[in-house]
There are 2 protein chains.
Amino acid sequence: MADGSDQRKRGRKFDQVRDGAREVFLSAGFEGANVDDIARVAGVSKATIYSYFPDKRLMFMEVVRFECQRQSDSAIAAIDMAAPVRDLLLYAARTMLAFMTSDFGQRIFRICVAESERFPELAQNFYDSGPAVVRNRLTEFFAEATARGDLVIDDLDLAADQFHALCKADIFDRMVFAQSQTFTPAEMTRVAEGAVATFLARYGAR
Amino acid sequence: MADGSDQRKRGRKFDQVRDGAREVFLSAGFEGANVDDIARVAGVSKATIYSYFPDKRLMFMEVVRFECQRQSDSAIAAIDMAAPVRDLLLYAARTMLAFMTSDFGQRIFRICVAESERFPELAQNFYDSGPAVVRNRLTEFFAEATARGDLVIDDLDLAADQFHALCKADIFDRMVFAQSQTFTPAEMTRVAEGAVATFLARYGAR
DNA sequence: CCCGAAGTGAACCGATGCGTTTACATTCCG
DNA sequence: CGGAATGTAAACGCATCGGTTCACTTCGGG
């Protein structure tokens, strides 16, 4: 209800502000982001910003909330429950790798870690609105595949976590410790296929 | 040479300063650390600090350098090349998990991620002075075990990375996204044994 | 015991950055 | 058109924090 597009008290430039804030926060973190920069990037005056948000902290929280919402909406990526196990796993591995190595994935991860003291629920909210959805879907699939006899899994949660972990092998450490930002398709294929092979060696039906 | 204990120009309170800086930097990060706090924690005046270090940045780098050195010295933990494969893997898994979940491990990881822009070589130096040592040792062991016929590994590096990744399953996400700081022995045993089981399912000789 | 080196504590400087204010412009809508 | 809501630009107050200075005290070796 309300006035048709959920504008409430937001002025005409609300989206500009939020998008500018998103860009600056994402690339500089909370502490590193400068409100004057946000105003400049958003193409808006600082007074306008402060007419929307009482302070920088709440502005940050709104950006995060909105971003989690966006992610949540798009994370409902269908997983074809009937697909062959190996195909599905490979698809899931590639999807996770693609997100993890994406610019957004890297930045949001860094922010979650860096601001975990200042914003304790940030990381949890982010995780719940995306990665957790995928993980639950995967667990669900594992349960069905186990029931069908395609997989043999005793600890479903551990299996899901192991698969996720296997997908990060090599790539993750290089991202964090060697500041590699880009990875070739070949590198990602090697890791994804390796993850599937190891996972199936343990949990595949003989 | 020099004067017996490598004191160079360092005054009597050099260690106090470095230890205080270590404590504050480790718990607050570089930006979050306040020089007056460091002085207070070190039990020293600010002027003394600035008689040792030209600025905060170099003080931070000295702390990191020293800490990497310490880690490097203690990371040469012996790995018994002749031990049964399963025992060795379980021991390695427990060791990695213990470090990763330790207070120091968690803090240093957070700093590496948070300050990677400001100090690009920080993460690399840290990694090289500890985790890389263990990883290389493990790769070496895998090569020998493969030569002996105890393991069947085609891509040694990927195998090492996968093992490392498997050891972080579940635990890592809970640390980063749910801010869990402590884990019960049972939780760590579950993950460690799961990692070894999955790894051997793929790479163990039949 | 003496003297120079090391350390102290507190005030101070300058930069940065959040948030406010004010005087003015633009936009929207009846 | 006309007035109210929305936005602008720039200056300002104020707190924080890195780094300096200075007058004074403490320490330690000859």
Side-chain angles (χ1 to χ4, degrees), chain A residues 2-64 111 114-115 117-119 122, chain B residues 2-64 111 114-115 117-119 122:
Chain A
D3 59 349
S5 62
D6 192 11
Q7 293 294 94
R8 272 174 279 195
K9 279 169 139 174
R10 304 169 170 182
R12 320 162 224 145
K13 309 214 166 177
F14 186 89
D15 290 357
Q16 268 181 60
V17 171
R18 191 181 45 208
D19 291 349
R22 180 194 122 100
E23 183 179 330
V24 176
F25 278 133
L26 228 55
S27 80
F30 177 76
E31 190 73 15
N34 167 311
V35 177
D36 291 274
D37 282 352
I38 294 179
R40 193 175 36 72
V41 169
V44 133
S45 82
K46 206 158 52 142
T48 298
I49 288 184
Y50 281 100
S51 78
Y52 290 146
F53 300 103
D55 62 26
K56 185 188 180 187
R57 193 182 162 87
L58 285 177
M59 177 165 48
F60 181 71
M61 290 171 69
E62 164 61 17
V63 167
V64 170
I111 300 229
E115 314 298 349
E117 312 268 299
R118 215 185 310 266
F119 300 93
L122 194 171
Chain B
D3 58 351
S5 62
D6 191 12
Q7 293 295 92
R8 274 174 277 195
K9 278 170 143 172
R10 304 169 169 183
R12 324 162 221 146
K13 309 215 166 176
F14 186 88
D15 290 357
Q16 267 182 61
V17 171
R18 191 180 46 208
D19 291 350
R22 180 194 123 100
E23 183 178 330
V24 176
F25 279 133
L26 228 54
S27 80
F30 176 76
E31 190 74 14
N34 166 311
V35 178
D36 291 274
D37 283 352
I38 294 178
R40 194 176 37 72
V41 169
V44 133
S45 83
K46 206 156 55 141
T48 299
I49 288 183
Y50 281 101
S51 79
Y52 290 145
F53 300 104
D55 61 26
K56 187 189 181 186
R57 193 182 161 87
L58 285 177
M59 177 165 49
F60 181 72
M61 290 171 68
E62 163 63 16
V63 168
V64 169
I111 300 232
E115 314 298 348
E117 312 269 297
R118 213 184 311 267
F119 300 94
L122 193 171

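Every chain is numbered from 1 and lettered A, B, ... according to where its sequence line falls, protein lines coming before strand lines.
A:Val41 meets the side chain to side chain contact (heavy atoms under 4.5 Å, CB included) test with A:Glu23, A:Val24; sequence neighbours excluded. With sequence neighbours excluded, the residues forming a side chain to side chain contact (heavy atoms under 4.5 Å, CB included) with B:Arg57 are B:Phe30, B:Asp55, B:Met61, B:Arg118, B:Phe119, listed by chain and number.
In this structure a side-chain-to-backbone donor-acceptor pair under 3.5 Å is present from B:Tyr52 to B:Lys13.
Remark: C1' of D:dA9 and NZ of A:Lys13 are 13 Å apart, rounded to the nearest angstrom. Put simply, CZ on A:Phe14 is 16 Å from C1' on D:dG7, counting in whole angstrom units.
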Dot-bracket notation for DNA chain D, counting Watson-Crick and G-U pairs under 3.5 Å, with | for partners on another strand
||||||||||||||||||||||||||||||

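Nearest to the side chain of B:Asp55, among D:dG7, C:dG7, D:dG19, sits D:dG19.
The side chain of B:Tyr52 contributes an N or O atom lying less than 4.0 Å from OP1 or OP2 of C:dG7. A close approach under 4.0 Å does occur between a side-chain nitrogen or oxygen of A:Lys56 and OP1 or OP2 of C:dC18.
By the 4.0 Å N-to-carboxylate-O rule, A:Arg22 lies too far from A:Asp19 to be salt-bridged with it.
Contacts between residues 37-47 of chain A and DNA chain C, defined by a heavy-atom separation below 4.0 Å, involve A:Lys46, A:Ala47, listed by number. Non-hydrogen atoms lying under 4.0 Å from DNA chain D are contributed by B:Ala33, B:Asn34, B:Val35, all within residues 27-36 of chain B.
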Please write out the pairs of protein N or O atoms and N or O atoms of nucleotides 28-30 of chain D separated by less than 3.5 Å, giving the distance to one decimal.
none

